[in-house]
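The basis for the numbers below is simple: all heavy atoms, side chains too, and nothing from hydrogens, waters or symmetry mates. Chain identifiers are assigned alphabetically (A, B, ...) following the order of the sequence lines, protein sequences preceding nucleic acid strands; residue numbering begins at 1 within each chain.
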Protein chains: 2
Amino acid sequence: MSAAGRPAPTDRSAPADRSARTGRAAPVARTAPADPAAASDATGSSRPRLDDLIQAERDIVARLDEVGIDADLDAFSVISNIYRAATAIRRHMETRVLAPEQLSWTAFVTLWVLWIWDEMEARHLAAEAGITKGTLTGVLDTLERRGLVTRRRHDDDRRLLSVRLTDDGQALLARIYPAFNAEEAAVADLVSDADRASVVTGLRDIVRGLPDLDDT
Amino acid sequence: MSAAGRPAPTDRSAPADRSARTGRAAPVARTAPADPAAASDATGSSRPRLDDLIQAERDIVARLDEVGIDADLDAFSVISNIYRAATAIRRHMETRVLAPEQLSWTAFVTLWVLWIWDEMEARHLAAEAGITKGTLTGVLDTLERRGLVTRRRHDDDRRLLSVRLTDDGQALLARIYPAFNAEEAAVADLVSDADRASVVTGLRDIVRGLPDLDDT
DNA sequence: GGTCGTTCGTTCGGCCCCGAACGGTAGCGG
DNA sequence: CCGCTACCGTTCGGGGCCGAACGAACGACC
């Protein structure tokens, strides 16, 4: 990673003191988010240790406290960790399993849903894949161009569109899904046995409850 | 939602029988994913009940079993619920809190990080916001154009770029963050007290462990 | 003082993503 | 049979998103 000609130290950064800006003295010493030495990219600071993650969350509250805002740390932890985990997983899957096949996460999910349910009307497919119909149109364009799916208009109701995998698409899924699922297992194994059930039910509660929260 | 001139029933769909295709008889009765009557959009089938979510996951295994694939259901549940929850939360926040201000999730996160840490160099900002530097360039273009952040080149090292909020940006965050955090709390409340701690530690374990899993 | 290897942020091409607007289709009620 | 209304998938504009390639800046070493 770093070897010969020597980098260019660069990290004389570290968020310095902002007290002048906020007009308040900083009551607690906060650790800078920094990240000396090479972050591969976007992973949110390379190789975080557990302490770092927790410390970072504490820093947030300290900072918010400075500005006189009483934020709900637990809530923040829940939401931020869900989102971080999700993007980390997506990226992991994309680079490890999907990239060799030139597939994006969404393209894969779409193919996978079709693989499971064999044939589907567009709006259901969009819902199952978790994207809007507008997005699905573009995704299908890509997949169709690559010969992985086919579109077919219904004869009795010409508004409807049925989508299904081609043989190539079917073969592709049969080839990569085992690897995908194995990788899923590896990720899930990062969670302790004690926590796993709670993680699943907790997240399910959110998925189930959010629509109701949407229109309040 | 449905009223006068009457819709157009449409749902004579339901994934029918695929046994012809797979060449295997369907051993278990599976519930169709369907979703009769109006899905608002993309939410992954409108208003799912808990039983539906669990049943759907079981259906997956049943289907995989048909094709002779022994998938890890627990792993699937973990990964899929993380991702579903994350996108649901993102969408919820975007429509409820961010849309009125014309902000995307990423734009908000970027501003928020700057709000917490006051001034930051671009690569750190990208890492904290969980995006690549390439993406950050575009996001900063948008935010700068709207007068919410400023770019400033370092004098001593002209490769580096410091980003900070403008007064407008600061005011914006102070205005919307309380609402954002309140909404976070509402979402977090969907998780039972018994599960909440496990959810957080479980997800943290994933975030922490994934980078190591990346290069195996 | 000129390489050389590294790092910085930007640019590029391709894809995903959404909401809104749009034609086309379908059923109903008058 | 003709509006009306609702639904279908597509199109459009604007943004986010990534990896790869790029030029500029920099430090180290000969």
Side-chain angles (χ1 to χ4, degrees), chain A residues 1-13 37-42 87 90-91 94-95 98-99 102-110 121-126 129-143 145-146 151 153-163, chain B residues 1-13 37-42 87 90-91 94-95 98-99 102-110 121-126 129-143 145-146 151 153-163:
Chain A
M1 183 131 257
S2 48
R6 207 49 48 69
T10 208
D11 251 294
R12 44 176 160 293
S13 43
S40 69
D41 238 352
T87 55
R90 175 178 178 149
R91 260 198 280 267
E94 282 185 339
T95 59
L98 273 21
Q102 303 265 75
L103 285 177
S104 69
W105 172 278
T106 300
F108 171 77
V109 171
T110 304
E121 291 168 17
R123 64 204 186 301
H124 293 154
L125 179 52
I131 56 182
T132 60
K133 52 192 184 151
T135 301
L136 181 63
T137 297
V139 173
L140 288 183
D141 286 344
T142 304
L143 296 178
R145 176 161 29 88
R146 296 179 48 184
R151 282 190 240 232
R153 280 279 169 199
H154 272 225
D155 286 332
D156 44 343
D157 187 341
R158 309 210 32 88
R159 292 172 302 179
L160 303 183
L161 186 75
S162 268
V163 187
Chain B
M1 183 133 258
S2 48
R6 205 51 45 69
T10 209
D11 251 293
R12 46 177 161 292
S13 44
S40 70
D41 240 351
T87 55
R90 175 178 178 149
R91 259 195 284 262
E94 283 183 338
T95 58
L98 273 21
Q102 303 265 75
L103 285 177
S104 69
W105 172 278
T106 299
F108 171 77
V109 170
T110 304
E121 288 168 18
R123 69 216 132 84
H124 293 155
L125 180 53
I131 56 181
T132 61
K133 50 190 185 151
T135 301
L136 181 62
T137 296
V139 173
L140 288 183
D141 287 344
T142 304
L143 296 177
R145 176 161 31 86
R146 296 180 49 184
R151 283 190 239 232
R153 281 278 170 201
H154 271 224
D155 287 331
D156 44 341
D157 188 339
R158 307 211 34 88
R159 292 172 302 179
L160 303 184
L161 185 76
S162 268
V163 187

K.L.:
Rounded to the nearest angstrom, tell me the gap between atom CG in Leu98(A) and atom P in dC15(C).
P.N.:
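My rounded result for the distance is 15 Å.
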K.L.:
Just to verify, what does Thr106(B) make a side-chain contact (heavy atoms from CB on, under 4.5 Å) with, not counting sequence neighbours?
P.N.:
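Thr106(B): side-chain contact (heavy atoms from CB on, under 4.5 Å) contacts with Arg90(B), Ser104(B), Thr110(B), Ile131(B), Val139(B).
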K.L.:
Given atom CZ of Arg158(A) and atom C1' of dG23(C), what is their separation to the nearest angstrom?
P.N.:
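My rounded result for the distance is 14 Å.
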K.L.:
Could I get the full list of side-chain hydrogen bond (donor to acceptor under 3.5 Å, both in side chains) partners for Thr95(B), not counting sequence neighbours?
P.N.:
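For Thr95(B) there are no side-chain hydrogen bond (donor to acceptor under 3.5 Å, both in side chains) partners, ignoring immediate neighbours.
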K.L.:
Distance check needed: dT10(D) C1' versus Arg123(A) CZ, whole Å only.
P.N.:
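Whole-Å distance recorded here is 15 Å.
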K.L.:
Take atom CG of Leu161(B) and atom P of dA24(D), then tell me their distance rounded to the nearest Å.
P.N.:
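So the two atoms are 17 Å apart, to the nearest Å.
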K.L.:
Can you sort out the partners of Arg151(A) under salt bridge (Lys or Arg N to Asp or Glu O under 4.0 Å), two or more places apart, ordered by chain and number?
P.N.:
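In terms of salt bridge (Lys or Arg N to Asp or Glu O under 4.0 Å), with neighbours along the sequence ignored, Arg151(A) is linked to Asp141(A), Glu144(A).
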K.L.:
Residues in side-chain contact (heavy atoms from CB on, under 4.5 Å) with Arg153(B), at least two apart?
P.N.:
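side-chain contact (heavy atoms from CB on, under 4.5 Å) check on Arg153(B) returns Arg158(B), Leu161(B).
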K.L.:
Under 4.0 Å between a side-chain N or O of Arg151(B) and OP1 or OP2 of dT10(C)?
P.N.:
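Yes, within the criterion.
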K.L.:
Without decimals, in angstroms, what is the distance between Leu160(B) CG and dC26(D) P?
P.N.:
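Interatomic distance, CG of Leu160(B) to P of dC26(D): 8 Å.
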K.L.:
Which whole-number value in Å describes the distance from Leu136(B) CG to dG19(D) P?
P.N.:
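Between P of dG19(D) and CG of Leu136(B): 14 Å.
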K.L.:
Round to a whole Å and report the spacing from NZ of Lys133(A) to C1' of dT11(D).
P.N.:
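Lys133(A) atom NZ is separated from dT11(D) atom C1' by 12 Å.
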K.L.:
Enumerate all atom pairs, one protein N or O and one N or O from nucleotides 14-17 of chain D, separated by less than 3.5 Å.
P.N.:
residue, atom, partner, partner atom, Å
dG16(D), OP1, Ser104(B), OG, 3.3
dG16(D), OP2, Thr142(B), OG1, 3.1
dG16(D), O3', Thr106(B), OG1, 3.2
dC17(D), OP1, Arg90(B), NH1, 3.4
dC17(D), OP1, Thr106(B), OG1, 2.6
dC17(D), OP2, Thr106(B), OG1, 2.3

K.L.:
Taking only side-chain N and O atoms of Arg159(A), does any of them lie within less than 4.0 angstrom of OP1 or OP2 on dG9(D)?
P.N.:
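Answer no for this pair, as no side-chain N or O of Arg159(A) is under 4.0 Å from OP1 or OP2.
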K.L.:
Once you round it to whole Å, what is the distance between P of dC8(D) and CG of Asp156(A)?
P.N.:
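Nearest whole value for this atom pair: 14 Å.
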K.L.:
Do Gln102(A) and Thr142(A) have side chains that approach each other closer than 4.5 Å (heavy atoms only, starting at C-beta)?
P.N.:
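No. Closest side-chain heavy atoms not under 4.5 Å.
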K.L.:
Quick one: side-chain hydrogen bond (donor to acceptor under 3.5 Å, both in side chains) partners of Thr135(A), sequence neighbours excluded?
P.N.:
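side-chain hydrogen bond (donor to acceptor under 3.5 Å, both in side chains) check on Thr135(A) returns Thr132(A).
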